[in-house]
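Read through the structure below, which is laid out as structure tokens, and then see the notes.
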Amino acid sequence: MERTLSIIKPDGVTRGLIGDVIRRFEKNGLNIIAMKMIHMDKTQAEGFYAVHLGKPFFDSLTDFMSSGPAVVMILEGDDAIAKNRELMGATNYKDAAPGTIRADHATDIEKNVVHGSDAPETAAFEIGYFFNSFEIIRR
Ligand code: IDP
Ligand code: MG
């Protein structure tokens, strides 16, 4: 069993894609063990994406991530990190495999609907960034 952090980004929430994204997780063995809707401020978005500090898209990305509500979830399952990344598709929707969330819904390399942790260490950091232990369901 592995855990990963998923975010339905502000574009996904605004465009009414929460249900579609969650349906894909539920159908593919990724159990939601924590979930909430948040609206990050700029500083919170900068802290979350600190690994990208200095990249040309950092300021625009953190503006976007703080532009509206997002849904943050912890997903649990076998190979949850890789499985979530597979369901998401490549960062650039133009390279995303057919049938993935980003291929089906993304409109832009930045506004790509979902976030998913990329490794066990980043998953641990990202889960702790949004959730305390009382918010995580044990099942
Ligand atoms: P990931 O979300 O697939 O893990 P990362 O490389 O970690 O992709 O980038 C984080 C986020 O930054 C992406 O999901 C996307 O929203 C944005 N991003 C990545 N590369 C670019 C770019 O070249 N231009 C604009 N935004 C980008
Ligand atoms: Mg990433």
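Counting starts at 1 for both ligands and their atoms, in listed order.
The shortest N or O to N or O distance between K9 and ligand 1 is below 3.5 Å.
Nearest residue to atom 21 (C) of ligand 1 from F57, Y49, F58 is F57 (criterion: closest heavy atom). The closest heavy-atom contact to atom 4 (O) of ligand 1, among the options R102, H115, R85, comes from R85.
If you take CG on D78 and CG on L30, they are separated by 9.5 Å, rounding to the nearest 0.5 Å.
Of all heavy-atom pairs spanning E86 and T100, the tightest one is O-CG2, 3.4 Å. Scanning all heavy atoms of the two residues, the minimum distance from E2 to P120 falls at OE2-CG, 4.4 Å.
Protein heavy atom at the shortest distance from atom 3 (O) of ligand 1 is T91 OG1, 2.5 Å. Protein heavy atom nearest atom 10 (C) of ligand 1, with residue, atom name and distance: H52 NE2, 3.5 Å. Distance from atom 16 (O) of ligand 1 to its nearest protein heavy atom, with residue and atom name: E110 O, 2.8 Å. The protein heavy atom nearest to atom 23 (O) of ligand 1 is I109 CD1, 3.7 Å.
Within the structure, ligand 1 lacks M88 among the residues with a heavy atom less than 4.0 angstrom away. Ligand 1 has at least one atom lying under 4.0 Å from a heavy atom of N112.
A donor atom on one side chain and an acceptor atom on the other are found under 3.5 Å apart for T62 and K42.
When side chains are defined from C-beta on, K9 counts as touching H115, because their heavy atoms get closer than 4.5 Å.
A tilted orientation is assigned to the rings of F57 and H52, their planes being inclined by 30° to 60°.
Residues I136 and F130 share a single hydrophobic cluster, defined by chaining ILVMFWY side chains whose heavy atoms lie under 4.5 Å apart.
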